[in-house]
Number of protein chains: 2
Amino acid sequence: MVDKASKNNKVSLSQVARAAGVSKMTASRVLRGEGGYSENTRLKVMEQVDTLGYLPNRLATVFAGDQSSTFIGVSIPDLGNEVFAQVLEGIDRKLGTFGYQSVLGLTQHTLEEEENWIRTVLSWQPAGLILTGRYHSPRATDMLRNAGVPVVEIWDLNAAPLDMSVGINHFDSGFDMGRYLTSLRYKNIGYVGTSHDTANAATERLNGFCKAVEGAGGAVVKQLCLHDTATYYPGFYGTEQLLAAACDIECIFYQNDAMAFGGLQYCASKGLTVPYDIGIAGWGDLPIASVMNRRLTSCHVSHLKLGQRAAEMMMGRLTDEPVPTCTDIGFRLIPGSTVRNSGV
Amino acid sequence: MVDKASKNNKVSLSQVARAAGVSKMTASRVLRGEGGYSENTRLKVMEQVDTLGYLPNRLATVFAGDQSSTFIGVSIPDLGNEVFAQVLEGIDRKLGTFGYQSVLGLTQHTLEEEENWIRTVLSWQPAGLILTGRYHSPRATDMLRNAGVPVVEIWDLNAAPLDMSVGINHFDSGFDMGRYLTSLRYKNIGYVGTSHDTANAATERLNGFCKAVEGAGGAVVKQLCLHDTATYYPGFYGTEQLLAAACDIECIFYQNDAMAFGGLQYCASKGLTVPYDIGIAGWGDLPIASVMNRRLTSCHVSHLKLGQRAAEMMMGRLTDEPVPTCTDIGFRLIPGSTVRNSGV
DNA sequence: TTGAAAGCGATACCAG
DNA sequence: CTGGTATCGCTTTCAA
């Protein structure tokens, strides 16, 4: 009872070994099923494991050997956005099947938060890192390079990733939407989104969108970037603000489906008929779309699959399989019925 | 270059110390700002920390001392359910302000997954655990007791928690909804939810609901428990199944808002007018409700706050502050307009 | 103000 | 088949 293993009251391997009347090493071998012991010995050890309720201390294992931990640091901007929750779900489920765990970091869309989190999480010797976005602070980039662990950058496809990248080309997806809307002869188009300190995927979508619209002779007459979260209600009041500021708008492109849905509800509340009075287009294709009587014009991305793929690439790298540097998950424009159709 | 610290190429404290011309101990003291060194020494050490890009190995710190890690294991059933994503967001954000990290575990609503995850995560010497739900496998319970780390059970309020508990009384919230609906003279009521192997909060809500309805002379004529996820589309087709099986149903209570919203859309698609032809009630009060033109009858819970509170209780315990064993976050019935009003 | 030595819990390596 | 010893990176303790 009064043993040297007193600092924390946890049962250690040597206690198990002593109780079983064998050496630490023998107990260790049994625990790892590495072979090289008699059945009788195995029984004695396992019996003590049970009675003492021994749980291995993996910290010590990592610390001792050159094997790495089963932690994967995962940075996500925020979980209020369903899209990222799905990505995380894909990541964690897949990692779980390999016996790995996500160490979460919610960076709130700031590079500074990300940098601090990277510093901390690296100090825990993770096996790898999965980061949302391709932009990192210079110091973060330094740390990532020096850390010598695999890094998967997700969400934005990054042609020149730190290590590996999986996602979609957001510029292109915005561009396609711009081209689609202008093909329906929309000229005066508005945008409602949120603003962040740093460049991000939504910004790239907007850039691609503007380029397509302007290239087709249309105009993004008003861009509203709210200082708020990209969810339903900001979509609602953002639409109000946008329409108050520019009443000749024929169609609105939103940062995501949640905001678009808020816009849809605003229009309904004001008696504006979609798509006759105004067109509405979102992005991301949320699950809620599956039950709507009217299909929201949007852009589909397999968020869950994106997360799973990121985890697979990470695990592939960790097991020395050949892994592609870049994986494009792809997107699919959903014409929907919240913009006028080509026949009109 | 060819140094003993070769196993992994990471820079160690002793390398920093040697480069700075001091002993490990002195460098360690500087790094921790513990005092007991000259300004000159501090400068020399910090300079080497910068040039070498030293990152401390916290694994070794935890391992060496009796201080614990900054990991908090957090088990969540699934993130497809927005409600849990919000809870997790509350937890992780709050933990982050204290310099702690969540180690995630998605248990998919099974006790077996939870048990395996608990075993793994405990082996990483977390500072504490936050678990969703009050039910755990016997072995999980054993491990939790022996681990000697704080445990917060969330979601279900647990009057006799393993350690601490924060959540709401789901039975009561179901009961209140049952009483509310029967007070509107609904008699034949249906339920649509999903089934799980183990008892959970949704089951308790249903139990409370049935008790209230039956106590008021009504009847839960049909309970549909789908083998599916508790999201929009199962709410949609579940409603179809329910109404096909029991056409005299006047009102449906759903496991959550997402399913209720799916039901709402099903009714709309069939030309059923809510609440005249049928009443619809959800649970959880999702953000999407904030923009709906019609308020969904539901039950509001501050999911984010629940998560934050769980993290605060954990941190309180870790800093030896007095912490209440149980915290009831409370709920609020939302009458809404998807059931007939008392005047009708 | 500084440093040397012991030790945390496990594994690798080498002897028996 | 089994066990001793060194070791990982850091902190605690004790001495100088």
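Each chain gets a letter, A, B and so on, in the order its sequence line appears, and its residues count up from 1. Predicted model only: the values in this text are computed from it and were never measured.
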Examine [N]: is either OP1 or OP2 under 4.0 Å from a nitrogen or oxygen in the side chain of [X]? Give yes or no.
X: B:Arg32; N: D:dT11; value: yes
X: B:Ser23; N: C:dG3; value: yes
X: A:Ser14; N: C:dG9; value: no
X: B:Arg18; N: D:dG9; value: no

| task | Consider only side-chain N and O atoms of B:Glu153 and B:Ser165, and report whether a donor and an acceptor are under 3.5 Å apart. | result |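 Short answer, no.
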| query | Can you find a side-chain donor-acceptor pair between B:Glu112 and B:Thr110 that sits under 3.5 Å? | reply | no
| request: Using five pairs at either end of the helix from C:dT1-D:dA16 to C:dG16-D:dC1, determine the angle between the two local helix axes and round it to 10 degrees. | output: 40°
| request: Quick one: do B:Leu79 and A:Asp92 satisfy side-chain contact (heavy atoms from CB on, under 4.5 Å)? Show the steps, please. | output: CA-CA 10 Å; B:Leu79 290 172; A:Asp92 193 73; over 6 Å; no
| field | Position toward the 5' end of DNA chain C (nearest nucleotide), B:Ala60 or B:Gly36 | value |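 It is B:Gly36, whose closest nucleotide lies nearer the 5' terminus.
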Could you tell me how far apart [X] ([atom1]) and [N] ([atom2]) are, to the nearest whole angstrom?
X: A:Trp124; N: D:dG9; atom1: CH2; atom2: C1'; result: 13 Å
X: A:Phe63; N: C:dT11; atom1: CZ; atom2: C1'; result: 12 Å
X: B:Asn57; N: C:dC8; atom1: CG; atom2: P; result: 18 Å
X: B:Leu59; N: C:dT11; atom1: CG; atom2: P; result: 14 Å
X: A:Leu13; N: D:dG4; atom1: CG; atom2: P; result: 14 Å
X: A:Arg29; N: D:dT2; atom1: CZ; atom2: P; result: 8 Å
X: B:Met25; N: C:dA6; atom1: CE; atom2: P; result: 15 Å
X: B:Glu34; N: C:dT2; atom1: CD; atom2: P; result: 12 Å

| task | Please tell me which of B:Leu31 and A:Val22 maps to the more 5' nucleotide of DNA chain D, matching each residue to the nucleotide holding its nearest heavy atom. | result | A:Val22
| Listed by chain and number, what are the ring pair (Phe, Tyr, Trp, His ring centres under 6.0 Å) partners of B:Trp124, not counting sequence neighbours? |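 Listed in chain order: A:Phe71.
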| Hey, what do you get for CZ (B:Arg119) to CE (B:Met143), rounding to the nearest 0.5 Å? | 4.5 Å
| request: Would you give the length of the straight line joining atom CD of B:Gln48 to atom CG of B:Leu13, rounded to the nearest 0.5 angstrom? | output: 12.0 Å
| request: Write down the atom of A:Gly105, the atom of A:Trp117, and the distance for their closest heavy-atom approach. | output: CA-NE1, 3.2 Å
| said: Between the base of C:dA4 and the side chain of B:Lys24, is there a donor and acceptor pair under 3.5 angstrom? | reply: no
| message | Between the base of C:dG9 and the side chain of A:Arg58, is one N or O donor paired with an acceptor at under 3.5 angstrom? | response | no
| Is the shortest distance from a Lys or Arg side-chain nitrogen in A:Glu39 or A:Arg42 to a carboxylate oxygen in the other one below 4.0 Å? |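 Answer for the salt bridge query: yes.
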| query | Less than 4.0 Å between a side-chain N and a carboxylate O, is that true for B:Glu47 and B:Lys44? | reply |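 Judged by the 4.0 Å cut-off on N to carboxylate O distance, B:Lys44 and B:Glu47 do not form a salt bridge.
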| task | Would you indicate whether B:Arg145, at its atom CZ, is surrounded by more than 12 heavy atoms from other residues, nucleotides or ligands within a distance under 6.0 Å? | result |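 For B:Arg145, atom CZ is not crowded (no more than 12 foreign heavy atoms under 6.0 Å).
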| Under a 4.0 Å heavy-atom cut-off, which of residues 38-54 of chain B touch DNA chain C? | B:Ser38, B:Thr41
